[in-house]
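Heads up: the structure comes next, in structure tokens.
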Amino acid sequence: MSCTGYAKVAHTVHMSALGLPGYHLHAAYAGDWQLSPTEVFPTVVGDMDSSGSLNAQVLLLLAERLRAKAVFQTQQAKFLTWQFDGEYRGDDCTATLTLGNPDLIGESVIMVAHFLQSLTHRLVLGGELVYHRRPGEEGAILTLAGKYSAVHWVATLNVGSGGAHASYYHRANEQVQVGVEFEANTRLQDTTFSFGYHLTLPQANMVFRGLVDSNWCVGAVLEKKMPPLPVTLALGAFLNHWRNRFHCGFSITVG
């Protein structure tokens with residue numbers, strides 16, 4: 001555990017032929033306690049666009065094993081989303097509880113509970129319970145989950161009343177990674193299969209990522225770093241054969 005702290009502000013201007021241009025103000029604050037390279041508490045992140053709409057997150061460390069998060073989203077002066085999360089991390093288990101848009105007056109809430117237990121250092125089993133309530137409607141969905149991690153591959157399986165989801169990820173070597181995913185939705189009577197890859201060319205400072213699924217959607221992204229400058233150029237394209245839609249774009253990242 002180490003002590004640190006910083007605050008930063010960023011400005012973003014978005015221009016697109018598919019929509020209106022926009023401006024975003026992004027602000028972030030990280031507190032004094034850093035538990036890992038990706039965990040700093042407390043953390044406050046906010047993003048506001050030119051219309052006054054706000055997206056904000058607050059992360060807190062309540063105890064050594066207990067974390068809390070609050071998420072707020074507004075559309076101008078109207079609240080759209082308010083969500084509260086609590087997470088407990090044990091030595092071999094993890095439990096989380098999420099409350100989405102709780103409204104005591106309107107008697108509505110969405111509650112999601114997760115529990116994961118490590119049976120061995122490779123096998124993890126758990127479940128998810130989703131409960132929703134609003135006037136005149138109430139329901140719950142239970143899903144069982146499993147994950148097996150090997151040295152060079154990871155397989156997952158989720159099965160519940162709403163359907164099933166399976167995935168397989170394989171790291172062939174330092175440059176090539178591939179993955180497949182299968183999803184079946186019993187409510188929509190629909191199944192989807194997708195394949196993706198990740199190719200790294202370190203000598204050329206380039207990264208390729210691509211995917212294709214059973215709905216005849218194809219996408220690809222190329223990232224190219226420009227040393228010695230701190231600049232990354234990204235080119236992307238997405239094609240939907242069924243709907244005859246094609247999108248492409250590029251981005252330049254400095255830093």
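Residues: numbered from 1 along the sequence shown.
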If I compare all heavy atoms of [X] with all of [Y], which pair ends up nearest, and what's the gap?
X      : Y      : answer
Ser161 : Ile141 : OG-CG2, 3.5 Å
Ser214 : Trp242 : O-NE1, 4.4 Å
Phe238 : Cys217 : CZ-CB, 3.8 Å

Counting neighbours of [atom1] on [X] that are heavy atoms of other residues, nucleotides or ligands and sit closer than 6.0 Å, is the number greater than 12?
X      : atom1 : answer
Arg65  : CZ    : yes
Asn173 : CG    : yes
Trp153 : CH2   : yes
Glu138 : CD    : yes

Within the 4.5 Å heavy-atom criterion, are [X] and [Y] side-chain neighbours or not?
X      : Y      : answer
Leu157 : Val159 : yes
Thr12  : His26  : no
Pro227 : Asn205 : yes

Would you say [Y] ends up clustered with [X] if hydrophobic residues are merged whenever their side chains have heavy atoms under 4.5 Å apart, either directly or through other cluster members?
X      : Y      : answer
Met48  : Val9   : no
Val45  : Tyr23  : no
Leu235 : Val207 : no

Sorted by first residue and then second, give each salt bridge (Lys or Arg N to Asp or Glu O under 4.0 Å) pair with at least one member in [range]; sequence neighbours left out.
range            : value
residues 44-54   : none
residues 156-179 : Arg171-Glu174
residues 224-243 : none

Distance-only donor-acceptor pairs under 3.5 Å for side chains of residues 52-64, two or more places apart:
from  : atom 1 : to    : atom 2 : distance (Å)
Ser53 : OG     : Ser51 : OG     : 3.3
Ser53 : OG     : Gln76 : N      : 3.1

What's the separation between atom [atom1] in [X] and atom [atom2] in [Y], rounded to the nearest 0.5 Å?
X      : Y      : atom1 : atom2 : value
Tyr169 : His152 : OH    : NE2   : 10.5 Å
Tyr6   : Asp32  : OH    : CG    : 12.5 Å
Glu223 : Ser251 : CD    : OG    : 7.5 Å
Phe72  : Leu80  : CZ    : CG    : 13.0 Å
Asn158 : Leu144 : CG    : CG    : 9.0 Å
Phe182 : Asp213 : CZ    : CG    : 13.0 Å

Checklist entry - Is any NZ, NE, NH1 or NH2 atom of the basic residue among Glu87 and Arg67 found under 4.0 Å from an Asp or Glu carboxylate oxygen of the other? => result no
Item to check | Electrostatic pair Glu39:Arg89 at N-O distance under 4.0 angstrom | outcome: yes
Next on the checklist: Asp85 vs Gln83, test: side-chain hydrogen bond (donor to acceptor under 3.5 Å, both in side chains). Steps then yes/no.
Outcome noted: CA-CA 7 Å; Asp85 298 355; Gln83 177 179 307; 3.2 Å; yes
Please name all residues satisfying side chain to side chain donor-acceptor pair (under 3.5 Å) with [X], sequence neighbours left out, ordered by chain then number.
X      : result
Tyr88  : none
His241 : none
Tyr168 : His170

Checklist outcome for this item: Sorted by chain and number, sequence neighbours left out, ring-ring contact (aromatic ring centres under 6.0 Å, His included) with Tyr131 holds for none
Checklist entry - Among all residues two or more places apart in sequence or in another chain, which pass the ring-ring contact (aromatic ring centres under 6.0 Å, His included) test with Trp82? => result none
In a table with atom names and distances, give each donor-acceptor pair under 3.5 Å that connects a side chain of residues 189-202 to protein atoms at least two apart or in another chain.
from   : atom 1 : to     : atom 2 : distance (Å)
Gln189 : NE2    : Thr186 : O      : 2.6
Asp190 : OD2    : Thr192 : OG1    : 3.4

Item to check | Derivation of the side-chain contact (heavy atoms from CB on, under 4.5 Å) call for Val231 and Ile252 | outcome: CA-CA 7 Å; Val231 177; Ile252 299 176; 3.8 Å; yes
Distance-only criterion, 3.5 Å: show the donor-acceptor pairs between side-chain atoms of residues 103-127 and protein atoms not counting sequence neighbours.
from   : atom 1 : to     : atom 2 : distance (Å)
Asp103 : OD1    : Ile105 : N      : 3.1
Asp103 : OD1    : Gly106 : N      : 3.0
His114 : ND1    : Thr96  : OG1    : 3.2
His114 : NE2    : Glu128 : OE2    : 2.6
Gln117 : NE2    : Asp92  : O      : 3.1
Gln117 : NE2    : Asp92  : OD2    : 3.2
Thr120 : OG1    : Arg122 : N      : 3.2
Thr120 : OG1    : Leu123 : N      : 3.0
Arg122 : NH1    : Ser149 : O      : 3.2

Checklist entry - Remaining members of Phe246's ILVMFWY cluster at a side-chain heavy-atom cut-off under 4.5 Å? => result Leu239
